[in-house]
Undergrad: 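Handing you a structure now.
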Amino acid sequence: MKLPSVYEPGKYENEVYSLWEEGGVFTADPDSSKEHFSISMPPPNETGTLHMGSALFVVLQDILSRHARQQGKDVLWLPGTDHAALATDNLVEKRLAEQGTSKHQIGREAFLKEVQQFVGGNRDRIVSQLKSMGASCDWSRMRYTLDPMLNRCVNEVFVKMYNDGLIYRGERIINWDPNLETTVSDDEVVHKEEKAPFYTLQYGPFQIGTARPETKFGDKYVVMHPDDKRYAQYKHGDSFEAEWINGPVTATIIKDEAIDPDFGTGVMTITPWHDHTDFEIAERHGLEREQIIDFDGKLLPVAGEFAGMKIDAARPKIVEKLKSKNLVVKSEDYTHNLALNDRGGGVIDPQIMLQWFVDVNRPAVNWKGQLRSLREVMRAVIEDGDIKLVPKRFERTYYRWIDNLRDWNISRQIWWGHRIPIWYKGEEVYAGTQPPKGQGWEQDADTLDTWFSSALWTWSTLINPSLAGDFNLSLDELLARSPDYKAYHPTSVMETGWDILFFWVARMILATTYATGQIPFKTVYLHGLVRAEGGKKMSKSDPDTIIDPMGVGQKYGTDALRLALVSGVSAGSDQRLGIGRVVDNRNFCNKLWNIARYTEGVAGEAQPKAAPKTPADHWILNKLSILTDGISADLDNFHFHQAYQKLYHFVWDDLADWYVESSKKEPRPSVLSAVLRSTLICAHPFMPFITEVIWRELGWDQQGLLAAQTKPEPIEFNRDESGKFEETRAAILAERAPDRIKKLLAEKQAVHRSIETLEKRLANQEYINKAPEELVQSTRQELNAQKDQLRSIETELESLKG
RNA sequence: GGGAUCGUAGCUCAGUUGGCUAGAGCGCUUCGUUUACACCGAAGAUGUCGGGGGUUCGAGUCCCUCCGAUCCCACCA
């Protein structure tokens, strides 16, 4: 025996991957006459580590890519990494804090140097981890979100939008994270329930409710619903005097329909600077607004004696003062939703700031010959079926999201990322892909939301990078001069998690249709989250939930991990992954390994040749052809799980348990080899390492790689012969089961069925009422007889077993 | 408040447009070490398909309703 009885993945995996790379089998060829197939990898954080979620996307995209190659297509799976602006910026800031300094102290340039240094030391890990998962990407086309060409594209799109009036700068209320000192987009705000005291305060003649007394210093408007009869005596615009926290104020009455008369007293005061709803009310009525809390989360001089205090510290003191002035009517416990930053967890404090926005409502996009708004185009590409979402139900949530879409705040007050290509000199503003000529220009300090650059990912990565510095070329010309773009865009499939449908998928649609006039991809396949066994999210803060794909891959083999992930996947649904599933699939790998060992034993290094003779030969070839077609069809429809099941049962049940067993009596080594050869090809997209190892160990194609093989040649078989084996198979099965028990079981089922029918009949009122008395009686007797029969069968079965 | 998904064997889940007696893996019971594999083989037990109603010749599958779980969006001061 050449092969050991147990497959040891660790001995082969690295070597096999290098062979693939050296063989150039993952390299795309845009000039090929073959049909092109392309996937853009969702770029993982360049300094991150591979977690189960990334392992899942690697497996699914790798299966699609390898399968497409087998179908004879020219495949580009383009890998890349993301600069993860906010996360990285934040991390480096923390490191600086540990050294007792901060980014503002050391300045922009020094800070960016720090980031580069940090990033540089961590960049290679994620790439080698992707490779160890078996990812068959074209590494020669690896991209990075801060590559010069990608930066160029960001600037080109920004300037184009700016010139089209789609980007504007304005004072808006935004979500401010005082900890990270940056804005957070609406989609990145998460809400957490929190119990907090809810105060009812006396404000002039009114009682108002609030959970945030610390924002109330500047309040000088009381708002109520125009139809609220309780307050009919007060007119819009009336003013009155009220004694307030730091003395008397003059307040004005505002009537607005945003107020819910049933909540609290139906009256509230507003703080336009620090609340979204209040801001909108103030906008509608042209009211004054005043900042109460600064960007560090401290109270401003308007707070009087409380100025300079952090809000958490100030709140109880303010309440105390209100109490002492007899302004607190009551306080009660109340659960409200606290807004938090999804990336970093700081409490969001809305602020009014000058920010850059993308206007989603201005009709400035030429789409299919019509001038439409970004929002309309985003809707149209799905409605018209240009882009298909899998599973389809996400279309509904997508439409809902589009309908509620507000202008996209794209400026971030961090330093790591694509800087906004806007320069100022006094009153002058310059927008350009290159800095303006002349002295005294100063670039906007903000960077762009990381999703702005990610939104261009499917095509900015396909432009010839060597053209990045050629500013004579327009964006259209850049695209036109890029063979990759022509061959691979729109991409065939976007495979990603449903959790970033809005962040990323929707933004790619927005930016790509606008900038290139093409859709970014034809199909979006959305997979679910990989959860821990109990259903909990795998998260760093809860180490018990985490299964490290790298550790598991090393221990049980990457193929076992890949199979475990595929076996649990279904479109749009989360899966629970326990180590048990990995073990099962490790066993499955070993099964395949031992089929190969057996084949090697009986066939030696004889070439596989398909000359079926026995019924079993025809039978297994029949099964094999069903498998080959089935897997193709399933993968075309993204039914990964089904394809996996077919493979599993073919290999274990049909091939190992029946064909190999039966061939022990009548060995047909050449057919066995041929079947195994085809099986390896079918299995390869799912379990690339072990299949490649067997392929080479069996020495059929010493120079060729399995990864380079196209789909197996169909082998002729005879259906009647195959049917004959079905019969022998049935006979063997019948022989295995002891006679008496078999008979009893059949009888038991028959009795069971008749009991059911009788019970059904007796349960039918029509039957009871209309049928003759005797008939109903006899039915009852029959039923009882059958039940007795069943009981006796069961007792006999028990005794036979005992 | 709006929406989505799920509820099938002890556990994790399949079940495509409604179609024979509802499946898989693990686990469990019994037997077996037959020279590919104990990371094995054979046999076996286990289900009111969440409850109720409807459409149909026929419903796990379609419709209504209720119960339970999860998630997303919006958010009331």
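Since the structure is predicted, the reported quantities are computational estimates derived from the model, not experimental observations. Chain identifiers are assigned alphabetically (A, B, ...) following the order of the sequence lines, protein sequences preceding nucleic acid strands; residue numbering begins at 1 within each chain.
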Undergrad: For Asp584(A) and Lys664(A), take the nucleotide of RNA chain B holding the closest heavy atom to each; which residue's nucleotide lies nearer the 5' end?
TA: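 Per heavy-atom nearest nucleotide, the more 5' residue is Asp584(A).
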
Undergrad: Each nucleotide in nucleotides 70-77 of chain B should get exactly one letter: B, S or -. Can you fill that in based on protein heavy atoms under 4.0 Å?
TA: -S---BBB

Undergrad: Determine the interatomic distance between P on G41(B) and the same-named atom on A4(B); round to the nearest Å.
TA: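 Result for the P pair: 45 Å, nearest Å.
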
Undergrad: For the side chain of Val6(A), starting at C-beta, report the closest nucleotide among C39(B), A14(B), G25(B).
TA: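 Nearest listed nucleotide: C39(B).
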
Undergrad: Is a side-chain donor-acceptor pair under 3.5 Å present for Gln575(A) with Arg581(A)?
TA: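 The answer is yes; a qualifying pair exists.
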
Undergrad: Does U34(B) have OP1 or OP2 under 4.0 Å away from a side-chain N or O of Lys665(A)?
TA: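 So the side-chain polar atoms of Lys665(A) never come under 4.0 Å of the phosphate oxygens OP1 or OP2 of U34(B).
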
Undergrad: Say you pick atom C1' in U48(B) and the same atom in C57(B); how far apart are they, in whole Å?
TA: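 About 23 Å, rounded to a whole number of Å.
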
Undergrad: Is any side-chain N of the basic residue among Glu726(A) and Arg729(A) closer than 4.0 Å to the acidic one's carboxylate O?
TA: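 Looking at Glu726(A) and Arg729(A), the cut-off is met.
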
Undergrad: Quick test of your reading of the model: are Asp219(A) and Lys216(A) salt-bridged, counting only N-O distances below 4.0 Å?
TA: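 So Asp219(A) pairs with Lys216(A) through a salt bridge.
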
Undergrad: Whole angstroms only, please: what is the CD-C1' distance between Gln645(A) and G15(B)?
TA: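 Going from Gln645(A) (CD) to G15(B) (C1'), I get 10 Å.
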
Undergrad: Using Watson-Crick and G-U wobble pairs whose two distances are both under 3.5 Å, how do you write the pairing of RNA chain B as dot-bracket, with | for links to another strand?
TA: (((((((..((((.....[...)))).(((((.......))))).....(((((..]....))))))))))))....

Undergrad: Counting side-chain heavy atoms from C-beta on, which of A42(B), U12(B), G25(B) comes nearest to His649(A)?
TA: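 Taking heavy atoms from C-beta onward, the closest nucleotide is G25(B).
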
Undergrad: When rounded to the nearest Å, what value does the distance between P atoms of U65(B) and C73(B) take?
TA: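 After rounding to an integer number of Å, I get 26 Å for this pair.
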
Undergrad: Could you tell me whether Lys623(A) and Asp653(A) have a side-chain N and a carboxylate O separated by less than 4.0 Å?
TA: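 No, no charged N to carboxylate O under 4.0 Å.
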
Undergrad: Between Leu647(A) (CG) and G25(B) (C1'), how many Å, whole number?
TA: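 Leu647(A) atom CG is separated from G25(B) atom C1' by 14 Å.
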
Undergrad: How far, in whole Å, is G27(B) from A69(B) if one measures between their P atoms?
TA: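 Here A69(B) and G27(B) have their P atoms 32 Å from each other.
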
Undergrad: Check every strand shown and say whether Thr271(A) touches a base, only sugar-phosphate, or nothing at a heavy-atom separation below 4.0 Å.
TA: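 It contacts nothing in the nucleic acid.
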
Undergrad: Please evaluate the base of C37(B) for a donor-acceptor partner in the side chain of Arg597(A) within a cut-off of under 3.5 Å?
TA: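 It does not, because no donor-acceptor pair links the side chain of Arg597(A) to the base of C37(B) below 3.5 Å.
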
Undergrad: Taking U17(B) as the reference, what is the distance to U21(B) when you measure between their C1' atoms (whole Å, please)?
TA: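 U21(B) and U17(B) have their C1' atoms separated by 23 Å.
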
Undergrad: Considering only atom P, compute the distance from U30(B) to C37(B) and round it to an integer number of Å.
TA: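 After rounding to an integer number of Å, I get 26 Å for this pair.
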
Undergrad: For the pair Arg531(A) and Asp574(A), evaluate salt bridge (charged side-chain N to carboxylate O under 4.0 Å, His left out) and give the outcome as yes or no after the intermediate values.
TA: CA-CA 7 Å; Arg531(A) 293 176 177 275; Asp574(A) 297 348; 2.8 Å; yes

Undergrad: Indicate yes or no: does Glu280(A) engage Arg406(A) in a salt bridge with an N to O separation below 4.0 Å.
TA: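 Judged by the 4.0 Å cut-off on N to carboxylate O distance, Glu280(A) and Arg406(A) do form a salt bridge.
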
Undergrad: Check this for me, if you would: do Lys220(A) and Glu288(A) make a salt bridge, where the nitrogen-to-carboxylate-oxygen distance has to be below 4.0 angstrom?
TA: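 Here Lys220(A) pairs with Glu288(A) in a salt bridge, since their nearest N and O are under 4.0 Å apart.
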
Undergrad: Is Arg393(A) touching bases, backbone alone, or none of the nucleic acid, heavy atoms closer than 4.0 Å?
TA: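 It contacts sugar-phosphate atoms only.
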
Undergrad: Should Asn637(A) be listed as having a side-chain N or O under 4.0 Å from OP1 or OP2 of U16(B)?
TA: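 The answer is no; no side-chain N or O of Asn637(A) sits under 4.0 Å from OP1 or OP2.
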
Undergrad: With Arg379(A) as the cation and Tyr399(A) as the aromatic partner, state whether NZ or CZ is under 6.0 Å from the six-membered ring centre and within 45° of the axis.
TA: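 Pair Arg379(A)/Tyr399(A) counts as cation-pi.
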
Undergrad: Starting at atom NE2 of His641(A), determine the distance to atom P of A24(B), rounded to an integer number of angstrom.
TA: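 Rounding to the nearest Å, NE2 of His641(A) and P of A24(B) are 13 Å apart.
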
Undergrad: Can you say whether the rings of Phe503(A) and Trp451(A) are parallel (under 30°), tilted (30 to 60°) or perpendicular (over 60°)?
TA: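 Judged by the thresholds at 30° and 60°, the geometry between Phe503(A) and Trp451(A) is parallel.
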
Undergrad: Within this structure, what is the CG-to-P distance between Asp403(A) and G3(B), rounded to whole angstrom?
TA: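 Atom CG in Asp403(A) sits about 14 Å away from atom P in G3(B).
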
Undergrad: May I ask you to verify whether the side chain of Glu661(A) and the base of A36(B) hold a donor-acceptor pair under 3.5 Å?
TA: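 Yes.
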
Undergrad: Taking the six-membered ring for Trp, are Tyr334(A) and Phe198(A) parallel (under 30°), tilted (30 to 60°) or perpendicular (over 60°)?
TA: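 Tilted, since the angle between the ring planes falls between 30° and 60°.
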
Undergrad: Measure from CZ on Arg576(A) to C1' on A14(B) and round the result to the nearest Å.
TA: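 Whole-Å distance recorded here is 16 Å.
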
Undergrad: Other residues, nucleotides and ligands only: do more than 12 of their heavy atoms fall within 6.0 Å of CD on Gln554(A)?
TA: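 For Gln554(A), atom CD is not crowded (no more than 12 foreign heavy atoms under 6.0 Å).
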
Undergrad: Give Val223(A) one of three labels, base, sugar-phosphate or nothing, depending on what nucleic acid heavy atoms sit under 4.0 Å from its own.
TA: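 Nothing, no heavy atom under 4.0 Å.
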
Undergrad: Specify the separation, in whole Å, of atom OH of Tyr648(A) and atom P of A14(B).
TA: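 Nearest whole value for this atom pair: 17 Å.
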
Undergrad: Take the protein atom CZ of Phe640(A) and the nucleotide atom P of A24(B), then report the distance between them rounded to whole Å.
TA: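 About 25 Å, once rounded to whole Å.
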
Undergrad: For the C1' atoms, the ones on G54(B) and on G47(B), what distance do you get once it is rounded to whole angstrom?
TA: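 To the nearest whole Å, 24 Å.
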
Undergrad: When the distance from CG of Asn587(A) to P of A36(B) is rounded to whole Å, what number comes out?
TA: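 Taking CG of Asn587(A) and P of A36(B), I get 19 Å after rounding.
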
Undergrad: When the nearest nucleotide of RNA chain B is assigned to Ala656(A) and to Asp653(A) on a heavy-atom basis, which residue is associated with the more 5' position?
TA: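 It is Asp653(A), whose closest nucleotide lies nearer the 5' terminus.
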
Undergrad: Using the P atom in both, what is the distance from C26(B) to A22(B), to the nearest Å?
TA: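 Looking at atom P only, C26(B) and A22(B) are 22 Å apart.
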
Undergrad: Please verify the inter-ring angle class for Phe638(A) with Tyr525(A); under 30° counts as parallel, over 60° as perpendicular, anything in between as tilted.
TA: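 The rings of Phe638(A) and Tyr525(A) lie parallel, inter-plane angle below 30°.
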
Undergrad: Side chain of Ser570(A) only, please: which of C39(B), A36(B), A14(B) is the nearest?
TA: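 Closest nucleotide among those given: A14(B).
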
Undergrad: Nearest to the side chain of Arg396(A) - A4(B), C13(B), G15(B)?
TA: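 Within the option list, the nearest is A4(B).
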
